[in-house]
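Below: the structure, in C-alpha cells.
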Amino acid sequence: MAWRATLAKQGQVAGFKKATTWGTAIAVSSGCGLPFKSISGLQSTRDVYEVTEVDLPVRQCAFLGVNKPIDLTITSDMSYSPGALGVLIAMVFGSAGAPTGTGDAKTHKFKLSGNSGLFGTLAIGMPGEIWEIPSLKPYAWTLKVGGEGLIESEIKAIGNKLVAPATVNNETSMNAITYDERCNHCFSKQMKLYINDQSGQDFQESDVIDINSFECSVTRAHQEIVSITQDQISEPVDIAPATADLKVGFPKYGTDVSGLISAQASGTKKKAKLVLTGPLISGTDYYKITIYFPCLVIKPVTTKYEDIISAEAEFLGLAVSTAPTGMSETVPYMTIVNKRATDYLA
C-alpha cells in the first residue's frame with residue numbers, strides 16, 4: 001500500500017536509516033519504518049539577522065544564520081519488534097551485533113559502550129510533502145509506564161538541520177518503507193522487576209518487587225559543535241561517561257521499601273533486571289525484552305505521607321569489573337527476543 005494511503009488527517013509516516021557521513025542524507029528503504037506517537041522539535045533553527053544602517057530610510061538588508069542544532073523527541077508505544085526504533089535504541093547503547101538463536105526466535109543484545117559515533121537519516125512523510133533530517137544522532141532513551149498500561153519509549157536526538165521539502169527522500173523511498181511487525185506492544189502487566197544484592201545469587205521469583213511505576217534511562221552527555229563558517233553543526237561528541245539509571249515507584253510502604261532504605265544506609269549495592277514477556281513466537285520461545293543492571297547504587301529513598309504511604313527509589317547504574325551471578329556483561333545491557341534476523345546496527 002502506498003504510504004500516503006496510510007495517512008490520517010494531520011498524520012505522519014517516518015523512516016530512519018543508519019548513515020555513515022555526517023551531513024549527508026540517505027534514502028530510507030525496506031525495514032526503515034519508525035513507529036511513533038509524536039515527534040516534537042521538527043522545526044527550522046536558522047535565525048534571521050537584520051543589518052542595521054541608520055541612514056537607510058527603509059530596512060533593506062537581512063540574512064539567514066547557520067543551522068543550529070535540532071533537539072528532537074520521538075515518543076512511541078514500545079514494541080517487542082521495534083524496527084527502526086530499535087536502531088535508535090541500539091545507537092544510544094552504542095553496541096549491538098548479529099543476533100543469536102536458531103529457528104524463528106532471535107536474541108539481540110545492546111551493550112552500553114563508549115562514544116558510539118552512530119547516527120542516521122530521518123525522513124518524515126507529511127500530508128503535503130516530505131521532510132528530512134540528513135543526520136540525526138540519538139543521545140538518550142527512556143522506557144517507562146505510559147497511559148493505559150502501555151510501556152512508552154522516548155528517544156531524544158540531535159539533528160544537523162531540517163530540510164523541507166526533502167532533497168534525497170521522495171515518494172519512491174517513502175513507499176519502500178516497511179515495518180518489522182505491527183501491534184506487538186509491551187504492557188505493564190507483562191513486566192517483572194527483580195532486585196537483589198549485587199553479590200548475591202541469580203534472581204529468584206522471591207526477588208520480584210511490587211511497583212506501580214518505573215523509568216529506565218540510558219543517556220549520553222554530549223555537546224554540539226557549532227562553527228560560524230559552516231552551514232550546520234558537526235557531529236555531537238560525548239563529554240562524560242554514558243549512564244544507565246533506574247527509578248521505581250511503590251504503591252505502598254512495605255518490606256521492599258524498608259529493605260532498600262536499610263541497604264542505602266549501609267551502602268549495600270544491588271543488581272536488577274526488568275523483564276517484559278510478550279506472546280509466544282514458536283515452541284517455548286516468547287517475545288521478550290530484558291534490561292540488566294549489573295550494579296546499582298541506591299539514592300536516598302523518598303516517602304510521601306498521604307492516605308497510604310507511598311515511596312520512590314532511584315538507582316545509579318554502574319559498570320563493574322566482573323559480571324555478577326545471573327548476568328553475562330559487566331555494563332548495563334538489554335536483550336530483545338523477536339523474529340528480526342539482522343543486526344540492528346548493520
Side-chain angles (χ1 to χ4, degrees), residues 73 75-78 89 92 112 140-156 185-219 221 241-278 288-320 324-327 331-334:
T73 300
T75 304
S76 311
D77 289 325
M78 188 63 189
I89 296 169
V92 178
L112 194 61
W141 177 59
T142 300
L143 190 71
K144 59 186 178 181
V145 177
E148 306 300 326
L150 285 162
I151 304 299
E152 187 175 86
S153 164
E154 183 181 89
I155 289 282
K156 290 188 176 296
H185 294 103
C186 307
F187 301 93
S188 59
K189 66 181 181 181
Q190 299 169 326
M191 181 190 69
K192 288 184 178 181
L193 177 62
Y194 299 77
I195 295 181
N196 67 12
D197 288 350
Q198 203 272 336
S199 60
Q201 63 179 348
D202 197 358
F203 295 106
Q204 310 293 319
E205 285 302 307
S206 57
D207 296 320
V208 177
I209 64 172
D210 182 28
I211 60 174
N212 63 357
S213 67
F214 80 94
E215 187 172 299
C216 294
S217 61
V218 182
T219 306
T243 62
D245 299 324
L246 175 66
K247 181 190 298 184
V248 296
F250 298 88
K252 63 180 180 179
Y253 191 95
T255 55
D256 288 337
V257 179
S258 60
L260 289 176
I261 292 175
S262 177
Q264 197 276 332
S266 63
T268 302
K269 293 182 174 65
K270 297 287 184 178
K271 62 184 178 186
K273 70 174 181 179
L274 187 146
V275 183
L276 287 155
T277 304
K288 185 175 290 187
I289 294 175
T290 309
I291 302 174
Y292 297 86
F293 295 90
C295 184
L296 291 170
V297 173
I298 311 169
K299 298 174 71 172
V301 179
T302 302
T303 58
K304 293 182 286 187
Y305 179 72
E306 297 169 340
D307 291 336
I308 298 175
I309 300 176
S310 59
E312 293 181 349
E314 295 185 40
F315 304 83
L316 301 180
L318 303 179
V320 290
T325 303
M327 298 189 189
V331 295
Y333 66 105
M334 170 181 173

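In this view, I261 and Y253, V257, V301 satisfy the side-chain contact (heavy atoms from CB on, under 4.5 Å) rule, not counting sequence neighbours.
The minimum heavy-atom distance linking I298 with T268 is given by the pair CD1-O, 4.2 Å. Listed here is the closest heavy atom pair of V92 and W141: CG1-N, 4.0 Å. Of all the heavy atoms in L318 and P332, the pair that sits closest is O-CD, 4.1 Å. In terms of heavy-atom proximity, H185 sits nearest to L150 at CB-CD2, 4.1 Å. For D207 against N196, the heavy-atom pair with the smallest separation is OD2-ND2, 3.3 Å. For the residue pair E154 and K144, the shortest heavy atom distance occurs at OE2-NZ, 4.5 Å.
L276 CG to C186 SG: the interatomic distance, rounded to the nearest 0.5 Å, is 5.0 Å. Atom CZ of F214 is separated from atom CG of L143 by 4.5 Å, given to the nearest 0.5 angstrom. Separation of atoms OH (Y333) and CD1 (I291) is listed at 12.0 Å; rounding is to 0.5 Å. Here the straight-line distance linking atom OG1 of T302 with atom CD of E314 works out to 7.0 Å at 0.5 Å rounding. For the atom pair L193 CG and D256 CG, the distance stands at 9.5 Å (nearest 0.5 Å). The distance from atom OG1 of T277 to atom NZ of K192, rounded to the nearest 0.5 Å, is 7.5 Å.
The side-chain contact (heavy atoms from CB on, under 4.5 Å) test with C295 is passed by exactly one of L316, V331, V320: V320.
Counting only heavy atoms from C-beta outward, the side chains of I89 and M334 approach each other to under 4.5 Å. In this structure the side chain of Q190 never reaches within 4.5 angstrom of the side chain of I151, judged on heavy atoms.
Checking side-chain atoms of S258 against main-chain N and O of T255 turns up a donor-acceptor pair under 3.5 Å. Checking side-chain atoms of K271 against main-chain N and O of G200 turns up a donor-acceptor pair under 3.5 Å. A donor-acceptor pair is defined here as one N or O able to donate and one able to accept, closer than 3.5 Å; such a pair exists between the side chain of Q198 and the backbone of P294.
Counting heavy atoms of neighbouring residues, nucleotides and ligands inside a 6.0 Å radius, atom NZ of K273 exceeds 12 of them.
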Q264 and F315: side-chain contact (heavy atoms from CB on, under 4.5 Å), yes or no, with the steps?
CA-CA 10 Å; Q264 197 276 332; F315 304 83; over 6 Å; no
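No side-chain donor from either of Y194 and Q204 sits under 3.5 Å from a side-chain acceptor of the other.
Between K270 and D197 there is a salt bridge, since a side-chain N of the basic residue sits under 4.0 Å from a carboxylate O of the acidic one.
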